[in-house]
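Quick notes on the structure that follows.
Hydrogens, waters and symmetry mates are skipped; everything else that's a heavy atom, side chains included, is used.
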Amino acid sequence: MSHWYGRPRIDPEGQPPQSTSYAAVTSTTSPTDTGSTAGRGEKGSLWVFAGQGSQQPHMGAGLSAAPALFERVHTAVGLDLAKVCTFEDTPRWDQPVVQAAILTIATASAQVCRSRGGRPGAVLGHSFGEYAALVVAKSLSFDDAIRLAVARGQAMADLADGSTAMAAVIGATNDAVAEVCEELQRSGVSIHVAAYNSPGQTVLAGTSKGLALAARRLRGVGATRTRTLSVPFAAHSPYMKAVQERLEPALERIHIDPPSVPYYSTVTGHRVKRPDELRDLLVRSVAEPVRFRETAIRALSESYDKVLEVGSDRPPRLLGFIGEICRCDLPERPTPCLCAVAADSDAPDGRPFAGGRPTSSLDIAAVEGTT
């Protein structure tokens, strides 16, 4: 059977989907979609935001909007991001710091684009990148998002005891990776799919033993490489239950508005509008797989003529995945213009992305927003 990224999903009404083909997934409508045609059949830009792994030294140096946001972060949570993101050659990326930094740089990049006339037609975030997407969509205030980022990061740091880890699998299909995981789980091995990034890249989370066993099995089903990531915990897996328990009350205390532009959730693969559903998905996201491939397919089917990766320093973390998704999953659709913004000089249209296949980008930065 086709697993469609690991196992058959259950829709909100409790029934299995009628089909797990790419065509069926990208033609269906989200249960929360009100039928708006924003972005459907119209030209515009899909703004995408990477999560952890997109951080770089000096990533705030070329952004005129960053200093004011650094001040707000210092006031809200006491972090000195000006020092970390501008002056330090080898920043210490502790979890609360790195998540606050990624959010701040993405927000600053988006502000520069907006100040020069850029506007998103829709937004999509990979893992923690969903927080930046919701800030840009005016669902979350920046100050609330920063407080959540620090709380989320600290809760994850408290789990980093070395007993679990993550690994990127390159070359094997998503279904093949999911099937190997399920076989190992039936044998009592703790291993989980954490992210479905592209047709040729899947991320796993689990114990060190589980990852090693999976790597050996996966070489027999097409994997050309398995790389352990520099993530000292098993994000997007059941190991994150303690993080969920700490994040849920923090989310209950903040206000969430409906997105001002279409927002695609990489937890469900659907557009989401309701604030209560957004709140629930932010809790679920830390322990459930990132369905970036599925979400990108659905968003790209809406006729956006450009994908703009906002806030990621060189190389862009997500555009390589999107290029592969277009080639493999949407061959009849013209590939949109792929561009990235990480400095004032890139805004508002972005610098063109001329990278190769996403597996080559992995050699430079393998984390790819997994946390």
Side-chain angles (χ1 to χ4, degrees), residues 1-6 8-9 11 16-31 33 35-50 120-126 133 170-178 195-202 222 261-266 268-272 289-310 316-340 349-350 352-362 368:
M1 79 183 275
S2 171
H3 289 267
W4 183 244
Y5 305 146
R9 297 192 323 284
D11 69 18
Q18 293 298 309
S19 172
T20 55
S21 69
Y22 292 140
V25 168
T26 56
S27 65
T28 56
T29 301
S30 163
D33 193 332
S36 168
T37 58
R40 185 175 295 123
E42 301 173 3
K43 298 300 182 182
S45 296
L46 172 66
W47 288 17
V48 298
F49 300 85
V123 295
L124 183 162
H126 186 295
I170 304 164
T173 66
N174 296 154
D175 281 349
V177 176
Y196 303 97
N197 286 335
S198 73
Q201 208 251 52
T202 312
V261 296
Y263 168 82
Y264 293 88
S265 166
T266 50
T268 66
H270 287 286
R271 281 179 56 182
V272 181
V290 178
R291 300 183 182 277
F292 182 78
R293 180 187 180 187
E294 176 182 347
T295 311
I297 290 170
R298 179 167 281 108
L300 289 168
S301 299
E302 301 286 349
S303 299
Y304 300 108
D305 61 355
K306 176 187 284 188
V307 179
L308 190 68
E309 185 164 344
V310 181
R317 309 305 189 200
L318 303 178
L319 296 183
F321 291 151
I322 288 174
E324 187 186 7
I325 289 165
C326 287
R327 290 191 297 270
C328 297
D329 297 327
L330 300 169
E332 302 303 317
R333 184 209 191 282
T335 299
C337 178
L338 305 179
C339 299
D349 296 323
F353 174 70
R357 295 183 179 276
T359 49
S360 62
S361 297
L362 259 165
E368 300 294 0

Just verifying a value: how many Å separate Arg298 CZ and Thr268 OG1, rounded to the nearest 0.5 Å? 7.5 Å

Residues which pass side chain to side chain contact (heavy atoms under 4.5 Å, CB included) with Ala299, listed by chain and number, not counting sequence neighbours: Leu46, Leu124, Tyr264

Can you tell me how far NZ of Lys306 sits from CG of Asp349, rounded to the nearest 0.5 angstrom? 4.0 Å

Between OG1 on residue Thr335 and CG on residue Asp305, distance to nearest 0.5 Å: 12.5 Å

Value for NE2 (His126) from CG (Asn197), rounded to nearest 0.5 Å, stands at 3.5 Å

Restricting to non-hydrogen atoms, name the atom on Gly200 and the atom on Glu324 that form the minimum distance, rounded to 0.1 Å. N-OE2, 3.2 Å

First locate atom OG of Ser301, then atom CZ of Arg333, and finally report the distance between them rounded to the nearest 0.5 Å. 7.5 Å

Mind checking the OH-OG1 spacing from Tyr196 to Thr173? Nearest 0.5 Å is all I need. 11.0 Å

Are the side chain of Glu309 and the backbone of Pro316 linked by a donor-acceptor contact shorter than 3.5 Å? no

Nearest heavy-atom neighbours spanning Cys326 and Leu300: SG-CD1, 3.8 Å

Taking all non-hydrogen atoms of both residues, which atom of Pro199 and which atom of Cys328 are closest, and how far apart? CG-CB, 3.7 Å

Smallest separation among heavy atoms of Ile322 and Leu338, with atom names: CG2-CD2, 3.9 Å

With a 4.5 Å limit on heavy-atom distance, are the side chains of Tyr304 and Pro262 in contact? yes

Residues Val261 and Pro120: closest non-hydrogen pair is CG1-O, 3.6 Å

For Ala133, check side chain to side chain contact (heavy atoms under 4.5 Å, CB included) against everything at least two apart and list the hits. Phe49, Val123, Tyr263

When you measure from the side chain of Thr295 to the backbone N and O of Ser265, does any donor-acceptor pair fall under 3.5 Å? yes

At their closest point, which heavy atom of Ala296 faces which heavy atom of Ile325, and how far apart are they? CB-CD1, 3.9 Å

